[in-house]
Number of protein chains: 2
Amino acid sequence: MNNKNNQYFSKTLEKGLIILDLFDRDHQHRGLTEISRLTGINKTSTYRFVNTLVQLGYLRKSVNDKSIRLGPKAFVLGHHFFHGFDIFQSVKPIIDKTFFDQKISIDSALLHGHTLISLYRREMPNLIYFRLPVIMDELYARAMGKAVLANLDPKELSAILKNVHITKLTPNTLPSKQKIRKDIELTRNRGYSINNEEYVEGLICIGAPVTNYREKTIVGAVSLDFPTSEYSLDMIRKNYPGVLTKLASEVSEAVTSADI
Amino acid sequence: MNNKNNQYFSKTLEKGLIILDLFDRDHQHRGLTEISRLTGINKTSTYRFVNTLVQLGYLRKSVNDKSIRLGPKAFVLGHHFFHGFDIFQSVKPIIDKTFFDQKISIDSALLHGHTLISLYRREMPNLIYFRLPVIMDELYARAMGKAVLANLDPKELSAILKNVHITKLTPNTLPSKQKIRKDIELTRNRGYSINNEEYVEGLICIGAPVTNYREKTIVGAVSLDFPTSEYSLDMIRKNYPGVLTKLASEVSEAVTSADI
DNA sequence: GAACGGTATTACGAATATAGTAATACTTTT
DNA sequence: AAAAGTATTACTATATTCGTAATACCGTTC
């Protein structure tokens, strides 16, 4: 918080970005008052920022109802951010290769603060469909999340667990912090994490952390995802941990040299 | 310009976005001085903005050489902008359908100021590969560009042509403004535009404008793209104008109701 | 068609964030 | 070890933003 109060932090820019951040697939248009309310920015300032963003083409305003949507410039920026993200560029080919070699679904994510950010994903056609969120809070319910948690240092782990609010996503979702801690213990000993239909029914995943070798910090995770219709947990445990750890170490190499 | 000087325009936000806009596939990292020079923002302010963007996670700074790259938050924003852009969402299924029905490569773009912004594209495997730019200035050398130019009102057309700097991309690229005007005339009479290997060798495209029916303005274009190895101009002219104009009118419907 | 409730937009003085110069710290090169 | 480059910090005048409040606009209801 201290950081944000100093002279070398631009509150104005922060507010503008908070406004842009309100728009996504589930919120394709919003009103001015709504934006003001959601961001806590007063109406005049909201008006100024929205006006600015509209003039620059990042947002556009309906002539009829004045509702606000993303503009073409935002679309361009989206493209650029996607293709200009070096970590994505260096991790993608590794995952593609493993995908073609092994013919299994693969997911990857970056740790940012206390959330996982979806990085790149390849899916086999057999995988049940579920719309993956870009930002993931429920670390405790996913293979990648548990892989990260199990390898964080105890202080950080406690900090995350303290703020956790458990949502029972499936019958198998770990129901308490105690169970989560126990599972994390198991994960640590096992060397990789297991998500046995805890996030979506019909889906078993195993996950491993991605490490910045130079800084010795956990920066993300990868997972292999299997439909229960074709794979059993036993099969997976017998055949895939090797693939997973190899993938994790290759990705770790890549992000280490990307200077994450 | 007047607009940008009033009280309801935030110069600070504009500058922050100009900085973010410097990062793309071809510019994955930049230095502070470089950013300051490119944007014309003085070094202290550049420092403040970059610092802000780093703290918010939109940029990240290498510990070693202090070089600046996109951060995870930018990647998320990219995702959101891409999937939250309603025009993309409404145009995509139309193009997908035509693609499956006709088995030909299709491209679409939005007009923003004097440039075309790549919206959505489907390619047949037979198409020669060329990396498409997200932003396109060379309207005169592409089917979509000429389709737009031919349907703009004369004043706007002249404004665009005045600033045009012709680059001879292939032997067939229209070499002068006079030839461009003549071709635009032909395009208008014909009802659709033809790009006969003027942009890339081996590629013939036909294009038609996308119109906002309510506002009666040109808002973009669509094109059908054919490799010369399998299609001749004659074949294309005989068989595909109908497909093209149908597609264009469907897309126009969609963007009209999207209230572009 | 007047009044109402909601939203967006404008006006303006007070509050404060930013600009810009210049000095310092830190790196890399020679 | 000096030089040339880059990044970071200090400091105050100035321009920008804040925030209240007034006004305009739009659609709905009575």
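Letters go in sequence order (proteins before strands), and every chain restarts at 1. Only heavy atoms go into these numbers, but all of them, side chains included; no hydrogens, no water, no symmetry mates.
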Task: DNA chain C contacts made by residues 35-47 of chain B, counting heavy atoms under 4.0 Å - done: Asn42(B), Thr44(B), Ser45(B)

Open item on the list: Would you say Lys11(B) places a side-chain N or O within less than 4.0 Å of OP1 or OP2 belonging to dT17(D)?
Closed with: no

Open item on the list: When you measure from the side-chain N and O atoms of Ser10(B) to the phosphate of dT16(D), is any distance below 4.0 Å, counting only OP1 and OP2?
Closed with: no

Task: Between CD1 on residue Ile95(B) and CD1 on residue Ile106(B), distance to nearest 0.5 Å - done: 6.0 Å

Task: Reported CG-to-CZ distance for the pair Leu77(B) and Phe82(B), which is rounded to 0.5 angstrom - done: 13.5 Å

Please report the distance, rounded to the nearest Å, between [atom1] in [X] and [atom2] in [N].
X        : N       : atom1 : atom2 : value
Phe9(B)  : dT17(D) : CZ    : P     : 9 Å
His29(B) : dA7(D)  : NE2   : P     : 13 Å
Arg30(B) : dT6(D)  : CZ    : C1'   : 16 Å
Gln7(A)  : dT9(D)  : CD    : C1'   : 8 Å
Ile68(B) : dA7(D)  : CD1   : C1'   : 9 Å

Which pairs of donor and acceptor atoms, one on a side chain in residues 67-76 of chain B, lie under 3.5 Å apart (sequence neighbours left out)?
from	atom 1	to	atom 2	distance (Å)
Ser67(B)	OG	Asp65(B)	OD1	3.2
Arg69(B)	NH1	Asp86(A)	OD2	3.1

- [ ] Could you pick out which residue, Thr12(A) or Lys66(A), lies toward the 5' side of DNA chain D when each is mapped onto its nearest nucleotide?
- [x] Thr12(A)

For [X], give me all partners under salt bridge (charged side-chain N to carboxylate O under 4.0 Å, His left out), at least two apart in sequence or on another chain.
X         : answer
Glu34(A)  : Arg30(A)
Lys168(A) : none
Asp21(A)  : none
Lys97(A)  : Asp101(A)

Open item on the list: With side-chain hydrogen bond (donor to acceptor under 3.5 Å, both in side chains) as the rule and sequence neighbours excluded, what pairs involving residues 134-144 of chain A come up?
Closed with: Asp107(A)-Arg142(A)

Open item on the list: Tell me which pairs pass side-chain hydrogen bond (donor to acceptor under 3.5 Å, both in side chains) where either residue lies in residues 147-159 of chain B, with sequence neighbours left out.
Closed with: Ser158(B)-Arg181(B)

TODO: Not counting sequence neighbours, which residues clear side-chain hydrogen bond (donor to acceptor under 3.5 Å, both in side chains) with Ser45(B)? List them please.
DONE: Asn42(B)

Task: Residues that His114(A) engages under side-chain hydrogen bond (donor to acceptor under 3.5 Å, both in side chains), provided they are two or more places apart - done: none

Open item on the list: Can you work out whether Lys61(A) or Arg48(A) has the more 5'-proximal nearest nucleotide on DNA chain C?
Closed with: Lys61(A)

Open item on the list: Show me the dot-bracket string of DNA chain D, counting Watson-Crick or G-U pairs under 3.5 Å, with | for pairs to another strand and [ ] for crossing ones.
Closed with: ||||||||||||||||||||||||||||||

Open item on the list: Distance under 4.0 Å to a non-hydrogen atom of chain A counts as contact; along DNA chain C, which nucleotides mark the start and end?
Closed with: dT7(C) to dA19(C)

